[in-house]
Every structure is written in C-alpha cells, then in structure tokens.
Amino acid sequence: MNTLDKIKAEGVKKKFKLKEGQQVNNNGTPSNEIEVLNGVDLSIRKGEFITLVGPSGCGKSVLLDIIGGLTNLTSGKVYHDEKSIEGPNAKTGYVFQQYALFPWRNALSNIEFGLETQKVPKEERTKIAKKLLSQFGLSDFGDRFPYQLSGGMQQRVAIARALATNPDVLLMDEPYAALDAQTREILQDELLRIWEETHTTVIFVTHSIDEAVYLADRVAVFTARPGVIKQVIDIDLPRPRKGNIRSSPEFADNRHKVWDLLKGEVIKAQKDWELATVYGRQ
C-alpha cells in the first residue's frame with residue numbers, strides 16, 4: 001500500500017439477500033441475492049477530493065458505507081491508513097443526503113454532538129461549534145432548531161457537525177441532491193473553501209456530472225451493477241475553483257470525458273431495471 005494512500009479498496013465485493021418473494025435478474029436468471037459490487041479497486045490519496053459517479057444501483061453509496069464501517073463487505077479489503085476497516089472510525093465523518101439533524105437540538109447543539117461523545121469539555125466544544133457556524137455563514141442561527149432552518153441551512157449544519165470532530169476522511173452521500181440549483185452551487189463553493197483550509201480527504205457521491213467535475217481532483221466512474229471502477233479521470237482544472245469555470249472549454253472537455261464513460265453504463269442499468277420487472281422486482 002502506498003504510504004500516501006488514505007483509503008485503499010482491494011477487490012471489494014458486496015451481495016445482499018433480498019426479502020422472501022423478491023427476485024432480481026442476474027444475467028438473465030432470477031435470483032434472491034443481489035450483487036452490488038463485484039471487485040472494486042480504488043486508492044484515494046491523503047487530502048484529495050474524489051467524486052464517485054455511476055448509474056443508480058451501481059453500489060456507490062454501498063462503497064461509502066463500507067469505508068465508513070457501517071456495512072460489512074462480502075469479500076475483499078478496505079484500509080484506512082493501512083489498517084483494515086472493521087467498523088465505524090472516529091476519524092471518519094459522514095454527511096448523508098437527508099440532513100439527519102436532531103430535531104430537539106438547536107444548530108449549535110447539533111454541531112457539538114460528536115464532540116460530546118468524545119468527552120470534549122463544554123467550553124471547548126462550544127468554541128469549535130461557533131467557529132464552524134461562522135465559517136458557514138450561520139453565526140446568527142445557532143439557537144435555531146432544524147424546523148426553523150431552510151434546507152440549505154440544515155445541510156450546512158450537518159456538514160459542520162461532521163467537520164467538528166476534525167475527521168481526516170469525510171464521506172458525503174449526495175448531500176446536495178435535495179437542494180435547489182442556486183443553493184447547491186453556493187454550498188459547493190463553501191465546501192471547497194473549507195476543504196482547502198482543512199485538507200481533509202473527501203469522498204463525495206453524486207449523480208451530477210457537473211458537480212463531480214467542479215469539486216474533484218479525480219472522478220471515479222462506476223459501471224452498471226454489479227459495480228466496479230470503470231476508470232478514474234484526473235480533472236485538470238486549476239484551483240481554487242470559481243463558478244465561472246463552469247462555462248470554460250476546459251470544464252466542458254472534462255465533463256465530456258466523464259459522460260462518454262458513463263453514458264453506456266446508464267443505458268445498461270436502465271435495461272437491467274426493465275428486465276427486472278419480469279421477475280417481479282419493483
């Protein structure tokens with residue numbers, strides 16, 4: 001294992017048993033077991049921002065769960081700093097698509113939660129949480145509860161909570177999917193700004209090619225299920241990234257590279273779902 005690798009996946013496979021009466025198409029044969037990942041190999045360097053793209057159901061989020069220690073793999077190995085991942089790790093933060101905030105806690109208290117579990121003294125954790133609120137432009141909203149915040153504000157709090165414990169790996173599973181386009185772009189820029197300060201290793205799942213290209217040092221393109229890494233593309237765009245780079249020829253070139261690899265896999269995945277209806281899978 002390269003000493004510069006923060007995360008390394010070797011031959012990762014994952015299968016799930018379906019519920020009784022459910023079946024899936026496996027190469028034209030009905031089966032009650034679904035293979036999601038079929039030998040994923042991926043090295044992620046310390047401090048890099050990598051995005052994962054692929055058709056729905058190809059196992060991107062499952063791989064993220066395996067890296068986060070939330071799901072056991074069927075076979076293969078995943079390492080964090082050369083140590084095999086066997087369960088959740090305090091050095092890993094996770095941001096989900098759903099904001100997953102505690103409704104009975106205000107924004108400040110939500111950000112403090114991980115620090116509380118690590119027994120950080122009250123004064124110190126409040127100081128850390130207030131700094132993060134300021135970084136995300138939420139200094140005036142620390143006493144607001146989730147229902148009093150917009151979707152974009154809630155996701156800011158969720159990201160701040162994940163960053164509060166100073167993780168060296170941040171897993172992000174389509175965190176902006178539910179947001180409007182304008183808010184999404186603003187949060188992309190905020191995330192990049194903070195990432196450039198912290199040098200946290202970020203693994204970011206998205207269905208948006210534009211988002212994948214704009215954020216990443218590299219984009220890993222998955223095949224249709226069962227997923228493997230089809231190719232990892234280096235994004236040759238300068239940093240820091242600014243919004244107007246999206247209209248540049250260089251951005252368009254990188255976007256086309258990703259789409260050219262992805263298009264056939266999306267079509268294949270759609271055909272797989274159509275075949276699956278024959279066997280009763282919805």
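Treat the numbers as computed from the prediction; the structure is a model and nothing was measured.
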**OP:** Using distance alone, with no hydrogens and no angle criterion, decide if Thr200 and Thr198 have a side-chain donor and acceptor under 3.5 Å apart.
**Re:** yes
Original post:
When clusters are formed by joining ILVMFWY residues with side-chain heavy atoms under 4.5 Å apart, either directly or through shared neighbours, do Phe222 and Phe16 land in the same one?
Top reply: yes
Subject >> Lys/Arg-Asp/Glu bridge criterion (N-O < 4.0 Å) met for Asp189, Arg193 >> reply: no
Subject >> Nearest heavy atoms of Gly59 and Val36, plus distance in Å >> reply: CA-CG1, 3.3 Å
Original post:
Between Gln135 and Ile194, is a side chain to side chain contact (heavy atoms under 4.5 Å, CB included) present by the stated rule, with each step listed?
Top reply: CA-CA 8 Å; Gln135 286 180 312; Ile194 292 172; 4.2 Å; yes
**OP:** Dump the intermediate steps for side chain to side chain contact (heavy atoms under 4.5 Å, CB included) on Ile203 and Leu170, then the final yes or no.
**Re:** CA-CA 6 Å; Ile203 309 171; Leu170 182 61; over 6 Å; no
Original post:
Counting only heavy atoms not in Lys130, do more than 12 fall under 6.0 Å of its NZ?
Top reply: no
Original post:
Where do Val95 and Ala158 come nearest, in terms of heavy atoms and distance?
Top reply: CG2-O, 4.2 Å
**OP:** Please examine the side chains of Phe136 and Val157, heavy atoms only from C-beta on, and report whether any two atoms are closer than 4.5 Å.
**Re:** no
Subject >> Note: Glu35-Arg225 ion pair, threshold 4.0 Å (strictly below) >> reply: no
Original post:
Can you tell me how far the OG1 atom of Thr206 sits from the CG atom of Leu52, to the nearest 0.5 Å?
Top reply: 10.0 Å
**OP:** Identify the heavy atoms of Glu265 and Leu261 that sit nearest to each other, and give their distance.
**Re:** CG-O, 3.8 Å
Original post:
Do Ser84 and Glu86 have a side chain donor and acceptor closer than 3.5 Å?
Top reply: yes
**OP:** Hey, could you give me the NZ/CD1 distance between Lys14 and Ile34, rounded to the nearest 0.5 Å?
**Re:** 12.0 Å
Subject >> Asn72 atom CG, neighbour heavy-atom count above 12 within 6.0 Å >> reply: no
Original post:
Should Leu70 and Ile44 be counted in the same cluster of Ile, Leu, Val, Met, Phe, Trp and Tyr side chains packed under 4.5 Å apart?
Top reply: yes
Subject >> Where at least one partner belongs to residues 101-119, residue pairs that pass salt bridge (charged side-chain N to carboxylate O under 4.0 Å, His left out), sequence neighbours excluded >> reply: Arg105-Glu116, Glu112-Lys122, Glu112-Arg125
Original post:
OH/Tyr79 to NZ/Lys8 distance, rounded to the nearest 0.5 angstrom?
Top reply: 9.5 Å
**OP:** Over all heavy atoms of both residues, which pair between Gln97 and Gln155 is shortest? Give the atoms and the distance, please.
**Re:** O-NE2, 3.6 Å
Original post:
Just by distance, with hydrogens left out, do Ser247 and Asn244 show a side-chain donor and acceptor under 3.5 Å apart?
Top reply: no
Original post:
With the 4.5 Å side-chain cut-off for hydrophobic clustering, are Phe145 and Ile111 part of the same group?
Top reply: no
Subject >> Residues Arg218 and Glu48 bridged, charged N to O under 4.0 Å >> reply: yes
Original post:
Can a salt bridge be assigned to the pair Arg45 and Asp217 using a cut-off of 4.0 Å between side-chain N and carboxylate O?
Top reply: no
Original post:
In terms of side-chain geometry, is the basic nitrogen of Lys46 or Asp5 positioned less than 4.0 Å from the acidic oxygen of its partner?
Top reply: no
Original post:
Above 12 or not: heavy atoms from other molecules or residues under 6.0 Å from CD of Glu197?
Top reply: yes
Subject >> Those residues that, when tested against Val228, pass side-chain contact (heavy atoms from CB on, under 4.5 Å) (two or more places apart) >> reply: Asn38, Thr223
Original post:
For the residue pair Arg241 and Leu192, what are the closest heavy atoms and their distance?
Top reply: CB-CD1, 3.9 Å
**OP:** Enter the distance from Ile50:CD1 to Ile235:CD1 here, rounded to the nearest 0.5 Å.
**Re:** 10.0 Å
Original post:
Would you say Phe113 and Trp104 are hydrophobically clustered, going by side-chain heavy atoms of ILVMFWY under 4.5 Å?
Top reply: yes
Subject >> Asp41 versus Ile229, closest heavy-atom pair with distance >> reply: O-CG1, 3.7 Å
Original post:
Applying side-chain hydrogen bond (donor to acceptor under 3.5 Å, both in side chains), which residue pairs with at least one partner in residues 163-177 are found, sequence neighbours left out?
Top reply: Lys6-Asp168, Ser61-Asp173, His80-Asp168, Glu174-His207
Subject >> Aromatic plane relationship, Phe49 with Phe204 - under 30° parallel, 30 to 60° tilted, over 60° perpendicular >> reply: tilted
